[in-house]
Amino acid sequence: MLDRIRASVRRAGGRSAAAATLLAAALLPGFQGAAVAAYPEKPVTLVVPYKAGGSTETMARVYAKALQEQLGQPVIVSTRPGGGGAVGATVVAKAAPDGYTMLFAAASALVWPPMTQKVEYGPDSFRWVASITEYQQALITTPDKPYKTYPELIAYAKAHPGMNFADQNALSRSFIKYIGKKEGVTWTAIPTKGGGEMVPFLLGGKVDIAWSGGVHQKFGDKMHVLASFNPKRLGQSPDAPSLKEIYGIAMPSYAVIVVPKDTPDDVVATLEKALKEASKDKAFDDMVTNKLKFPNQFIGSEELKPLVADMVTGLKTVLEETRN
Amino acid sequence: MILDQLLAGFGAALDPINMLFMAAGVALGIVVGILPGLGSVTALSILIPVTFYMSPLVAIAFLVGVNKGGTSGGAVPAILLDAPGTPEAAATALDGHPLCKAGMPVKAMKAALYSSVFGDTLSDILLILVAAPFAAFALQFGPAEFTAIVLFSFTLIAGLSGRSLAKGIIAAGLGVFLSTIGLDPVESTPRMTFDVVELYDGISLNALAIGVLALSSVIQQLFEMHRGGASARQSISPDYDPAKNRLTAREFWSNWRTLLRSAAIGSGIGMLPGLGVSLAAFLGYGSAKRASKTPEKFGTGHLEGIMATEAANSAVVGANLVPTIALGIPGNIAAALMIGAFMVHGVVPGPFMMESHGELIYSIFASMLIADGIHLVIGRLGIRIWGHITRVPRTVILPVVVVLCVVGVYVPTQSMFDVGVMLVFGGLGYLMRRTGFSIVCLVIGFLLGPMFETSLRQTMLMYKSDLSVLVSSPIALVFVLLTLYSLWRFARRR
């Protein structure tokens, strides 16, 4: 009895499954094409892994508006702060790879935490779609100091051990320690909670030099750039050397947009095109170029690949050198 | 000079559209602030994208209105429901809710509103007069000075611990302990994070505060209702009597010393980046109690307690724009959001803001003063409406508050983890209420712990472990002496 029921169920199930397969076979090519053309067919979320009010979030708001026009769907900026970007990066790494969740963050947030902390993602957890600008990371001081250039600073620091520098996170601390090690200089790292704390410390003379993620550009001649942490010299301070010229290492400087690694190629291609067009938007260009004084430079996914590989090897070198 | 520019600013600010948006901002701010669990920071982050379509002046004036309304609106749930959504209104609940229970909720709300507007206005005037010169003074404050200020703030625990000092200290100690969870501020070593990435930045203050302050209070009231049976239909303020709810000018101004002191404390804290609204509120309350001839009345429904807190927390609102405008660095989270808004509207906050956008800045100053007047009117009208809430049965209001607590935690970071944290602290808060441990002390410990650790460790590093800077820096010395003085006074009183 039971067997008979089972058999009939199987038969019925088999029959309907076969019908469904047939139907799908007939419709699938057209169906699939429609799905591709339809992306995006619902609002897209742009995750910013930092607190509201910072330069990344501000940039994201303006950029999202431009991107919305390109995609024809609302782009929602969602802030998921925590762990120096690690919380937001985890969220996006685990999101559905359908192109509806992207992350807008500093490249370092995707490369550095996996090397130093237990997080559930790595640089390979993402498809790196594009970089739209570069943070202007610099070693800065105030103009009243006896050293005006990077070589003068190193000479001064050798003669005056125990100088104080302000860092803003583990990554910037490691870099300054790395320089100290290379040059045989001893200096003390003073941790600060971002630019809001670093600026008064530096202007108030509590620290001698500081790492800046770009905030110094608001202060004109009240702050003085000694060196660039970026792979190249900074546009606003072309005379200051980059650390890459001297030590062959640079800090990741790109503001990147990534999606989960299994996102289909066609979706990534649509997205990349929209991102590129959006970066030409007037309001976005004005914000980046004139307000933040960051370069408005678009780097696509192919060009980004070797840069990511560079970042990973660069950071590994720094980590190994400063660990022991 | 300042007067000329300010008058020109008034010319621009008195534009009807600007006034209309300021009024809308204040009203929205108050409404969001009133929802337990939501405060001015949430209100600002939700409303900043709305301003993209406004002119710079209207946008900033609108947000200034939101910030003002949001800070004062927080007093309403503290008074009516004993459910402050943010730590800045926690001390308001200490005296506000007893007054509400005694049938005087409207009087308490009036006192809170008037003190808020008073503190806020004074702080705005201070901002306009000293924004530029104070910048130089603010730079004198380094880690050593902050360490001394935080050290002094710890003496607040003595005044706020309720009946048992020992329990207050234990609660504060627990707060400090909880605040050490997360990445170490110097070496970035994880502490008690159990590899949970959400804990790397520590327990969220927002989630902890809403849990222990608001949710636990709701839980307690629900249990009381369950036990009481008949009281289920009881309204929030059963003995409400309009005659008892008048607040005379004399009654209000008899506390002018407290108002001035709190406004000064709030402005001072607001001008120093990184200390925050909540600390100002607790310091305002604590020092009013300390200066009072009848400190035992605090915590039993004493009008002065509400006024001391509200004048202090609202005085931060204007003053926290001093470092924003003069140095380009945010005084607190609300100011950080304002910096973002300024940038979106083409103004880069920093030392050159006054030079390049002087006209706009003075129009904003003028708008702030006008907004204070609008705030008074709208706030006063609002109290009529909130007065009706007092007649709604508890069974209707309390479930709504639970939902709002969840929303308030979820919205800023969109994290269900934080909602879980809030629920856990709701339970802990209930246990503390039942056993007589001061919740306010827990929150103070949690607030001060990281500030103290970071400042002290920065000081140790900066001065190569030589702590004599705490007495050789004149500013630090003042606060160290104040700490010793209040300890000595406290010991003598016992």
Side-chain angles (χ1 to χ4, degrees), chain A residues 47 51-55 57-59 61-62 64-65 77-84 86-87 89-91 113 116-120 162 164 166 169-170 173 188-201 203-207 215 217-220 222 283 286-287 290-293, chain B residues 41 44-45 48-49 52 135 138-144 182-188 190 193 195 197-202 204 272-274 323 327-331 333-341 343-344 346-353 412-415 417 454 457-458 461-462 464:
Chain A
V47 175
K51 276 187 187 140
S55 61
E57 195 256 359
T58 311
M59 224 178 345
R61 295 262 176 219
V62 181
K65 225 176 119 195
V77 176
S78 154
T79 51
R80 303 295 302 269
V87 171
T90 309
V91 169
T116 53
Q117 292 157 5
K118 273 195 190 153
V119 290
E120 297 173 71
N164 292 326
N169 45 46
R173 192 174 323 131
T188 316
I190 313 291
T192 63
K193 285 172 280 176
E197 196 170 65
M198 178 278 282
V199 170
F201 280 13
L203 292 179
K206 312 284 180 202
V207 295
V215 68
Q217 303 196 128
K218 286 200 247 172
F219 293 86
K222 287 180 205 280
D286 180 58
M287 161 66 72
N290 301 329
K291 304 296 164 353
L292 292 167
K293 299 199 169 97
Chain B
V41 172
L44 281 175
S45 38
I48 281 178
F52 285 8
L139 290 178
Q140 303 292 313
F141 286 78
L183 296 185
D184 161 297
V186 177
E187 302 295 339
S188 305
T193 57
D195 291 335
V197 75
E198 280 91 349
L199 281 176
Y200 280 9
D201 281 358
S204 140
L272 297 173
L327 296 168
I329 52 179
I333 309 164
L337 290 167
M338 291 295 279
I339 287 191
M343 300 269 290
V344 167
V347 182
V348 182
F352 305 110
M353 197 170 164
T413 51
Q414 290 163 35
S415 155
F417 182 83
T454 308
R457 291 181 71 180
Q458 282 173 338
L461 286 165
M462 208 173 263
K464 319 298 171 207

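Below, read A as the first sequence line, B as the second, and so on, with proteins coming before strands; counting in each chain starts at 1. Computed from a prediction, not measured in an experiment: that's the story for all the values here.
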Check your understanding: Any side-chain heavy atom of M462(B) sitting closer than 4.5 Å to one from V207(A)?
Key -> yes
Exercise for review: Please look at F417(B) and chain A and tell me whether the side chain, the backbone, both or neither of the residue comes under 4.5 angstrom of a heavy atom of that chain.
Suggested key: neither
Study note, to complete from the structure: Residue from E198(B), R457(B), M343(B), M353(B) scoring the most non-hydrogen pairs under 4.5 Å with chain A is M343(B)
Check your understanding: When only pairs under 4.5 Å are counted, which of I190(A), T58(A), V87(A) shares the most heavy-atom pairs with chain B?
Key -> I190(A)
Check your understanding: In terms of heavy-atom proximity below 4.5 Å to chain A, should S204(B) be classed as side chain, backbone, both, or neither?
Key -> neither
Check your understanding: Above 12 or not: heavy atoms from other molecules or residues under 6.0 Å from CD1 of I333(B)?
Key -> no
Practice item. Go through the atoms of E120(A) and report whether side chain, backbone, both or neither lie under 4.5 Å from a heavy atom of chain B. Key: neither
Practice item. Identify the two heavy atoms, one from I329(B) and one from I339(B), that lie closest to each other, and give their separation to 0.1 Å. Key: C-CD1, 4.0 Å
**Study point:** Residue selection (most heavy-atom pairs with chain A, distance under 4.5 Å) from A336(B), G346(B), P273(B), P412(B)
**Key:** G346(B)
Review point. Do S188(B) and R173(A) have side chains that get closer than 4.5 Å, going by heavy atoms?
Key: yes
Point to revise | T90(A) portion near chain B, given a 4.5 angstrom heavy-atom threshold | key: side chain
Practice item. Measure A166(A) against the heavy atoms of chain B and call it side chain, backbone, both or neither at under 4.5 Å. Key: neither
**Study point:** Per-residue contact mode, F219(A) against chain B (heavy atom under 4.5 angstrom)
**Key:** both
Practice item. Determine the option with the most heavy-atom pairs under 4.5 angstrom with chain B, choosing from M198(A), E197(A), E57(A). Key: E197(A)
Exercise for review: Measure distances from Q414(B) to the heavy atoms of chain A and classify the residue's part below 4.5 Å as side chain, backbone, both or neither.
Suggested key: both
Check your understanding: Can you name the closest pair of heavy atoms from K222(A) and L203(A) and give their distance?
Key -> O-CD2, 4.0 Å
Check your understanding: Looking only at atom types and distance, does a side-chain atom of K218(A) sit under 3.5 Å from a main-chain N or O of L292(A), one as donor and one as acceptor?
Key -> no
Review point. Which atoms of P49(B) come close to chain A, meaning under 4.5 Å heavy atom to heavy atom: side chain ones, backbone ones, both, or neither?
Key: side chain
Review point. With no hydrogens and no angle check, is any side-chain donor or acceptor of R61(A) less than 3.5 Å from a backbone partner on A341(B)?
Key: no
Study note, to complete from the structure: If one checks every heavy atom of L183(B) against chain A at 4.5 Å, the contacting part turns out to be side chain
Exercise for review: Please flag which part of K65(A) lies under 4.5 Å from any non-hydrogen atom of chain B: side chain, backbone, both or neither.
Suggested key: side chain
Practice item. Determine yes or no for a side-chain-to-main-chain donor-acceptor pair under 3.5 angstrom, with T79(A) supplying the side chain and P81(A) the backbone. Key: no
Practice item. Please answer whether the main-chain N or O of P191(A) pairs with a side-chain N or O of Q458(B) as donor and acceptor at a distance below 3.5 Å. Key: yes
Review point. Hey, does V186(B) have a side-chain heavy atom less than 4.5 Å from the side chain of L461(B)?
Key: yes
Study note, to complete from the structure: With chain A, the option among A138(B), P330(B), G202(B), P143(B) that has the most non-hydrogen atom pairs under 4.5 Å is P143(B)
Check your understanding: Of the listed residues (G205(A), S78(A), A86(A)), which shares the most heavy-atom pairs with chain B below a 4.5 Å separation?
Key -> S78(A)
